[in-house]
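Numbering of ligands and ligand atoms starts at 1, following listing order. Positions are given from 1, in the same order as the sequence printed here.
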Amino acid sequence: MFKNTGCLSSIEYSSLMPDEDRLNEGPVAIIECPEHIPCNPCQQACPRGAIQPFQKITDLPVIQFDLCNGCGNCISVCPGLAIYVIEKNYTPDTSLMKIPYEMLPIPEKNDICDILSREGSVIGRGRVERVQKYAFNPKGRVVWVEIPKKLYKEARNVRMVKE
Ligand code: SF4
Ligand code: SF4
């Protein structure tokens, strides 16, 4: 489906997610990078060796979920905005999503946002919890967004809402 639509299907993205046991353990990165492009900064940026060494520059990144702590370092170096972090059990009712965000204006804590699916449909509302600067790109931010827990698999992006 990705080659036709530019979006991963539910079968495709489910295959890239850790199992429920790992999702229940704590924050973890999910890498949705299905194209064999010559690129590897995510692997080099991981301080825990959770992204396996590449044999070729065009290898797809493979993450060992048991080594990942969801720090988000890899998010800020990915030129394809292909990586995000999910903390499924942020609170009893909510999950936390850390996503790359390069739009203006820069969001602020407690801003309200629409939660978007991979296809760009609005599937709910979220709240900005924190905004981190990118380490290497002053224009980008990693935005932490609290979302309803029922959306932790479908949520993939956000759009800030003026209220
Ligand atoms: S979130 Fe942190 S630990 Fe996990 S893969 Fe990315 S850089 Fe490595
Ligand atoms: S940095 Fe991003 S685009 Fe490059 S290989 Fe890693 S996930 Fe894919």
Hey, is [atom1] on [X] packed in by over 12 heavy atoms from elsewhere, all under 6.0 Å?
{"X": "Lys150", "atom1": "NZ", "answer": "no"}
{"X": "Ile57", "atom1": "CD1", "answer": "yes"}
{"X": "Gln55", "atom1": "CD", "answer": "no"}
{"X": "Glu108", "atom1": "CD", "answer": "no"}

Return the closest protein heavy atom for [atom] as residue, atom name and distance.
{"atom": "atom 3 (S) of ligand 1", "value": "Asn69 OD1, 3.4 Å"}
{"atom": "atom 1 (S) of ligand 1", "value": "Gly72 N, 3.2 Å"}
{"atom": "atom 4 (Fe) of ligand 1", "value": "Cys68 SG, 2.4 Å"}
{"atom": "atom 2 (Fe) of ligand 1", "value": "Cys71 SG, 2.3 Å"}

In terms of atom number and element, which parts of ligand 1 are under 4.0 angstrom from non-hydrogen atoms of [X]?
{"X": "Pro47", "result": "7 (S)"}
{"X": "Gly70", "result": "1 (S), 4 (Fe)"}
{"X": "Arg48", "result": "3 (S)"}

Taking only non-hydrogen atoms of Ile37 and a 4.0 Å limit, the atoms of ligand 2 in range are 3 (S)
- request: Establish whether Met160 and Leu104 are linked, either directly or via other cluster members, by ILVMFWY side-chain heavy-atom contacts under 4.5 Å.
  value: yes
- Any chain of hydrophobic side-chain contacts (each under 4.5 Å) joining Val143 to Met103? yes
query = Are any side-chain N or O atoms of Ser15 and backbone N or O atoms of Glu12, one a donor and one an acceptor, separated by less than 3.5 Å?
reply = yes
Using a strict cut-off of less than 4.0 Å between a Lys/Arg side-chain nitrogen and an Asp/Glu carboxylate oxygen, indicate whether [X] and [Y] qualify as a salt bridge.
{"X": "Arg22", "Y": "Asp19", "answer": "no"}
{"X": "Asp114", "Y": "Arg125", "answer": "yes"}
{"X": "Arg141", "Y": "Glu102", "answer": "no"}

The answer for which part of Ile63 has a heavy atom under 4.0 Å from ligand 1 is side chain
Going by the 4.0 angstrom heavy-atom rule, the piece of Cys46 near ligand 1 is both
Open item on the list: Testing the 3.5 Å rule here: is there a donor-acceptor pair between the side chains of Glu119 and Ser117?
Closed with: yes
Within a distance under 2.8 Å of atom 2 (Fe) of ligand 2, the protein atoms of type N, O or S are Cys78 SG
